[in-house]
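Residue indices begin at 1 and follow the sequence shown.
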Amino acid sequence: MGVSAENGIAGRHSSNYQSDRPWSSLDSEDSLSAPPDITSYMPDPIPISVRRPQVAMIARPLPKYGNAELMETGDGVPVSSRVSAKIQQLVNTLKRPKRRPLREFFVEDFEELLEVQQPDPSLPHPEGAESTPIQGEELNGLKNCPSSLEAALLRWGAIAPKAPCLTTTHSNAKQPYTLTYGKLWSKSLKLAYNLLHKLGSKQEPIIHPGDRVALVYPNNDPAAFMVAFYGCLLAEVVPVPIEVPLTKKDAGSQQIGFLLGSCGVAVALTSDACHKGLPKSTSGDVMQFKGWPKLLWVLTDSKHLSKPPREWFPLIKDANNDTAYIEYKTCKDGSVLGITVTRMAMLTHCQTLTHTCGYSEAETMVNVLDFKKGIGLWHSVQTSVLNMLHVVKTHFWSPGFLDGVPISYVVCVKSRDLHWALMAYKEQSDTNMSSLRMVLIADGSNPWSISCCDAFLKVFQSMGLRSEVICPCAGSPEALTVAVRRPQEGSSKPAGRGVLSMTNLSHGVIRVDTGEKLSVLALQDVGTAMPGAMVCVVKLEGVPQLCKTDEIGEICVSSVATGTSYYGLTGMSKNTFEVGLVSDCVYVRSGLLGFVGPGEMIFISGTLEGLMQVGGRKHNADDIIATALAVEPMKFIYRGRTVVFSVNVLYDERIVLVAEQRPDSTEEESYQWMSRVLQHAAVAHKILMFRTVQIHTPLETHSSASHTMIWVKMRAHFSPKRCQFLAFCNKEIKITQLDNLCYNFNINAHCSRRMANACHTFYTFLFLSEVLQWRAQTTPDHILYTLINTRVTYIYYFPKFPSAVSLDLIAAFYGCLYAGCIPITVRPPHPQNISTTLPTVKMILEVSRSVCVMTTQAISKLLKSRDASVAVDFKSWPPILETDDLPKRRCPLLYKPCDPDSLAYLDFSVSTTGMLAGVKMSHNATSALCRSVKLQCELYPSREVAVCLDPYCGLGFVLWCLCSVYAGQQSVLISPMDLEVNPALWLQSVSQFKVRDTFCSYSVMELCIRSLSSLTDSLKVRAHTLTQDFNLHLARGMDLSRVRSCVVVAEERPRVALTQSFCKLFKDVGLHPRAVSTAFGCRVNLAICLQGTSGPDPTTVYVDMRALRHDRVRLVERGSPHSLPLMESGKILPGVRIIIANPETKGPIGDSHLGEIWVHSPQNASGYFTVLGEENVRSDHFGARLSFGDTQTVWARTGYLGFLRRTDLTDASGERHDALYVVGALDEVMELRGMKYHPIDIETSIIRAHRNITECAAFTWTNLLVVVVELDGSEQEALDLVPMVTNVVLEEHYLIVGVVVVVDTGVIPINSRGEKQRMHLRDGFLADQLDPIYVAYNM
């Protein structure tokens, strides 16, 4: 290892690029139909008549010229040319129907599963009559009701200024804060005045009536929110209540920022305490949040506002159709919509709630819900002011909270609050709940709320709690309150219950069941329609039509008290808020699914966003949550902290359940609980869940918008093709793993929301040295590396391994990082070939200007030996530091780089073209590379990975030294040199450690095939040969059935024949053919493609070899003449963008052309490292730009030719998979007879010519084709090889071989990755250093 004293900084540019595909693929399904007839004349829509002079036409035969016919143009002028005949022939050819592509190429393996299934007549169908809309009772005018909420606030502020309006309780020892109606009026009046007259100037005020203003208040400050809300109403501005942003790149707040931008919000109101907690910039101002418009932050505390003059008084208007406020809604995909509510709708809604719930003046209301939206906003902020209620805001409600209060009171809770109240309740004999008039269950429509209500009633019924007090309700942001069970309906109308068959519900049909089986669903009614409203049930699909009486549909409401539109979205608003049916009424879609039962009672069975379709049947997320909570929820998970969503897999949906695990439950208990959930779901819903997950993070610490973004992140991980080999599975995930999985979404969608603060620490590290230090402090006993039978834990130092140079290499590398030096990993010289390998080491030291050499004692003795002195003078070496016996003293101060773009290490290697190049890798690029590999391969601490690669350069060094520290997985390290002694060491280690992911090179694969081909029978695991001694079984048997991915790391075209031979040879020991894939990287980017674990299977296409000679890509059928199989080079890594460009014109080219592969990625190398500034010669390799198109993006030129092809398979994001096919190196292309040939094609043909040809290489010399073949046989056979070589090249490639060189085996140079060094071989041929057996010249 060399250490350089120079540190470089590389600038980076980032830009988003999306390749446009204006034309469709010829092999797609859309291109199977015949093209339009372009020869026929189609008249214009508006005919134009032109008068022409009448000329006498003489009929005469059309003359022919050669093979071309005389054609006529549109003007009747004859045209004669060969080009016209060719065009007509081409047109006739295009008219013919195209042939469908073969199944081997672009048709999915699961095509038979995607066929359209015919409807089964035995499935349940609705049989009832068409339903009719139900009419709510008349809304009787309330006595002495104010004309608006502002008028109501004015009345109570003047009549009862000391009446309590809001009381906020705190969990700490602080005294409760009480806001009276007099204070609410005066503070709101003060805020309204300042909004209209103190922001901006008198000539140009910032806020005008009708403008939108954001309200940013935390959940523990409802008093400030009420003041801001009514201050906006008095100032006639539109408040937009939103959640408090947590970080600068908060994913949930980013979506809310898009809403604020579309609403034109320029001012944000907040409190002083909330403003202090917002992220600040260096200047002290609130930081600009990602996706947010530029806002003016206004503090609404009284000390920051000016007192209005006595003569100023706001204009109190009656309720009209102006927008009162905008309530946001987070959709299933994470997008945020704003629902506008008019002042008339707000007042009418408050009146209906007053009439339905029976509110009276001075009544007490306990609110546990969020006061900024939904039920909490409608009852505790709006309706409370209309009726002068006293609202008590608390975060937790217990039955004895207002015990002994003589007056009646109302409680607004969710079903989970009832559950937590039961868990926290301690039996007290003096608890009296007779004064509790109404318990409003906000989520009473959910199926799991029934058990909570029943359990709560059963416990507290003996303490005065009446059954009619439990009042579930249903509502949505679009339709506001849909239905509420009246508290006075207990005696006359008992609560409705329905036990329905879930099998029929999955088909949208209502059938009553006995309730004795597991596959039933119990529902409770949510009351009847609201006063003054009409409710109907419409079909879910197609044109809005009324459902039948026994059919599930979407609840629609026609009332004044509903939302008006989605702000700024006219099309969506028309489909949701203007639903026309048979009657003249206009209905609003509520997004709730249900039906109307007996007595016009409304039953809710789920939501439209929670609807999932699996196997042709519809399931609702609420039903599956109810099933999961029925499996002993109190022991293992938190009730109310469970979510269910679906992911698309093979054009269908699969169900994922995520629950928060209790801290006192063990992993074994949680695993058993998940197993029981899978069984209950299979029995109750007749579905197999795709995955169940338990996490340890508190889900309720974030806002509801953040929750939706969390589930969107989870969908990014539980994605299509995850069930390729294991269709249905359950998996337990820790919180650190969950955040790592969610980071896949962050890269693709540029969303940086984190799951919890505990996981923030890992991604705040910019350098690998910090990651290693963090892991050593948090998990010092975790196994990081395993070398054969030796284990090492990652602490600050590594124990000594005299025989394991690779582990000393890892320790020396991180030691250099902690010392502030730049490490250069160099392969030590081979003891048996020191004269040829030592000069390469010396050259790297000179080029890198290394000031020190770190190595072991054994290698140090080799460098000082007599044989080494013959090749290189020892005195010219820099100082050598032996790392075997270092002083055991810790460094007092560890170096930390100040710039992430500074140089981390140098990577020197010999490419396939024979060029020794060192590239500069920055800390930023190193971390990005490790992150991409981690995401692609799903690496985390519980995973084991086997690596059998060269540990000194390229992707092998990254997998050997860097990825284990970054991701924390246990790496089983096998040196490729050890396979020369024991060829089965790699596969035996994979079998023994039950590794699922392994990496190797082509040289390792060839060695296994050559050495183990005759030993596969002894390696098999047969049932009749198993012994009772398990250790003996592991020693004798080999089982590769657990291998999920075997990735071949290379810098060349994938060798299809070699991989197929390897799969065929080890198929009997359990190796699956789909497990073997390839990876591609080069000097400018060490890892561009890597198959990973979640991508689709690598595809193989067949191209016309003759078209490749002209830089054209033409797909042909398998087995056709001149067909060449090309295997996909792996899946493109996250964050990597690829474009195919013309290497000469530097312009983008189409899919049918062969071009140079250009890559844009944060993991690109910074540039070449040379001595005398020669990096300018190849500066375009790292800073290339397209000549047209996207000219701003900076690309890196790989120097390899290839093409991109969009397949019919889907990747992890659900999009069609783009496959990269590498053809060969640009510098190795041989141009003969005006055509371009790739050496690997000629070499493949020659190797098949004779069984004694073990290896061959082809290159050019003065326009002559030179072929070097290695003979594994007697020298007498050398003369027989010449005609075979020349004949096969002439027959298959139409080339004449100029020189045939027959050499012994091992003469052709091959690097550590098994790639041929043709340029080195060419130099040896020109220098007459090959020592050939026979040379034949055909000049």
Side-chain angles (χ1 to χ4, degrees), residues 19 21 23-32 98-111 721 724 1047-1048 1050 1052-1063 1073-1080 1088-1092 1095-1132 1138-1140 1149-1157 1198 1200-1211 1215-1225 1229 1236-1238 1240-1241 1244-1245 1292-1293:
S19 59
R21 299 172 62 93
W23 58 87
S24 60
S25 174
L26 294 177
D27 299 289
S28 62
E29 296 292 339
D30 298 336
S31 63
L32 298 180
K98 292 185 176 62
R99 299 180 58 182
R100 299 180 67 88
L102 291 182
R103 297 179 61 88
E104 290 86 349
F105 305 133
F106 303 104
V107 180
E108 278 194 355
D109 297 334
F110 303 96
E111 186 184 13
K721 299 296 179 182
Q724 208 159 16
V1047 182
V1048 186
E1052 60 176 334
R1053 180 200 300 180
R1055 305 183 191 178
V1056 181
L1058 182 60
T1059 55
Q1060 290 178 352
S1061 301
F1062 183 80
C1063 296
R1074 291 183 174 180
V1076 180
S1077 60
T1078 61
F1080 173 68
I1088 300 176
C1089 298
L1090 186 65
Q1091 183 59 28
D1097 294 338
T1099 56
T1100 301
V1101 297
Y1102 291 83
V1103 298
D1104 190 353
M1105 193 182 305
R1106 297 169 299 181
L1108 285 180
R1109 298 167 187 165
H1110 301 278
D1111 290 339
R1112 304 281 297 183
V1113 179
R1114 177 174 174 265
L1115 298 181
V1116 296
E1117 299 177 357
R1118 181 179 183 180
S1120 63
H1122 308 283
S1123 62
L1124 174 67
L1126 291 179
M1127 184 179 177
E1128 178 185 353
S1129 297
K1131 182 185 175 185
I1132 301 175
I1138 292 177
I1139 192 172
I1140 306 300
I1149 58 178
D1151 294 345
S1152 60
H1153 289 72
L1154 186 68
E1156 186 180 6
I1157 302 172
T1198 63
Y1200 284 84
L1201 298 175
F1203 62 93
L1204 286 169
R1205 192 74 178 177
R1206 174 156 291 188
T1207 65
D1208 290 340
L1209 305 180
T1210 55
D1211 55 11
E1215 302 294 334
R1216 293 178 62 185
H1217 172 58
D1218 290 331
L1220 175 66
Y1221 300 91
V1222 178
V1223 178
V1229 174
K1236 298 178 181 180
Y1237 294 85
H1238 296 273
I1240 188 174
D1241 300 330
T1244 303
S1245 302
E1292 296 187 8
H1293 303 277

**Prompt:** Val1103: what forms a side chain to side chain contact (heavy atoms under 4.5 Å, CB included) with it, not counting sequence neighbours?
**Reply:** Val1101, Leu1108, Val1113, Leu1115, Leu1124, Leu1126, Phe1203

**Prompt:** Okay, side chain of Thr1198, backbone of Ile1157: is any donor-acceptor separation there less than 3.5 Å?
**Reply:** yes

**Residues that Arg1112 engages under side chain to side chain contact (heavy atoms under 4.5 Å, CB included), provided they are two or more places apart** = Ala1107, His1110, Ser1152, His1153

**Asked** What's the spacing between Arg1053 CZ and Tyr1221 OH if we round to 0.5 Å?
**Response** 13.5 Å

**Request:** Report the C-alpha separation of Thr1244 and His1238 in whole Å, then their side-chain angles, then the decisive distance to 0.1 Å, and conclude whether the side chain to side chain contact (heavy atoms under 4.5 Å, CB included) test is met.
**Result:** CA-CA 11 Å; Thr1244 303; His1238 296 273; over 6 Å; no

**Asked** What's the spacing between Lys1236 NZ and Leu1154 CG if we round to 0.5 Å?
**Response** 8.5 Å

**Message:** Rounded to the nearest 0.5 Å, what separates atom CZ in Arg1114 from atom NE2 in His1122?
**Reply:** 10.5 Å

**Asked** Quick one: ring pair (Phe, Tyr, Trp, His ring centres under 6.0 Å) partners of Tyr1237, sequence neighbours excluded?
**Response** none

**Item:** Exercise: identify the closest heavy-atom pair between Val1222 and Pro1054
**Value:** O-CD, 4.1 Å

**Asked** Where do Ala1079 and Leu1090 come nearest, in terms of heavy atoms and distance?
**Response** CB-CD1, 3.5 Å

**Asked** How many angstroms lie between atom CD of Gln1091 and atom CZ of Arg1074, to the nearest 0.5 angstrom?
**Response** 11.5 Å

**Item:** Contact check, side chains of Met1105 and Glu1292, non-hydrogen atoms, under 4.5 Å
**Value:** no

**Item:** Interatomic distance, Thr1100 atom OG1 to Gln1060 atom CD [nearest 0.5 angstrom]
**Value:** 7.0 Å

**Request:** Give the minimum heavy-atom separation between Val1076 and Cys1063, together with the two atoms involved.
**Result:** CG2-SG, 3.3 Å

**Request:** Starting at CZ of Phe1080, measure out to CD1 of Ile1138 and round the result to the nearest 0.5 Å.
**Result:** 8.0 Å

**Request:** Would you check if the side chain of Thr1078 reaches a backbone N or O of Glu1128 as a donor-acceptor pair within less than 3.5 Å?
**Result:** yes

**Request:** Check whether any side-chain heavy atom of Arg1106 sits under 4.5 Å from a side-chain heavy atom of Val1116, and report yes or no.
**Result:** no

**Message:** Please find the pair of heavy atoms, one from Gly1202 and one from Ile1140, that lie closest to each other, and give the distance.
**Reply:** O-CG2, 3.6 Å

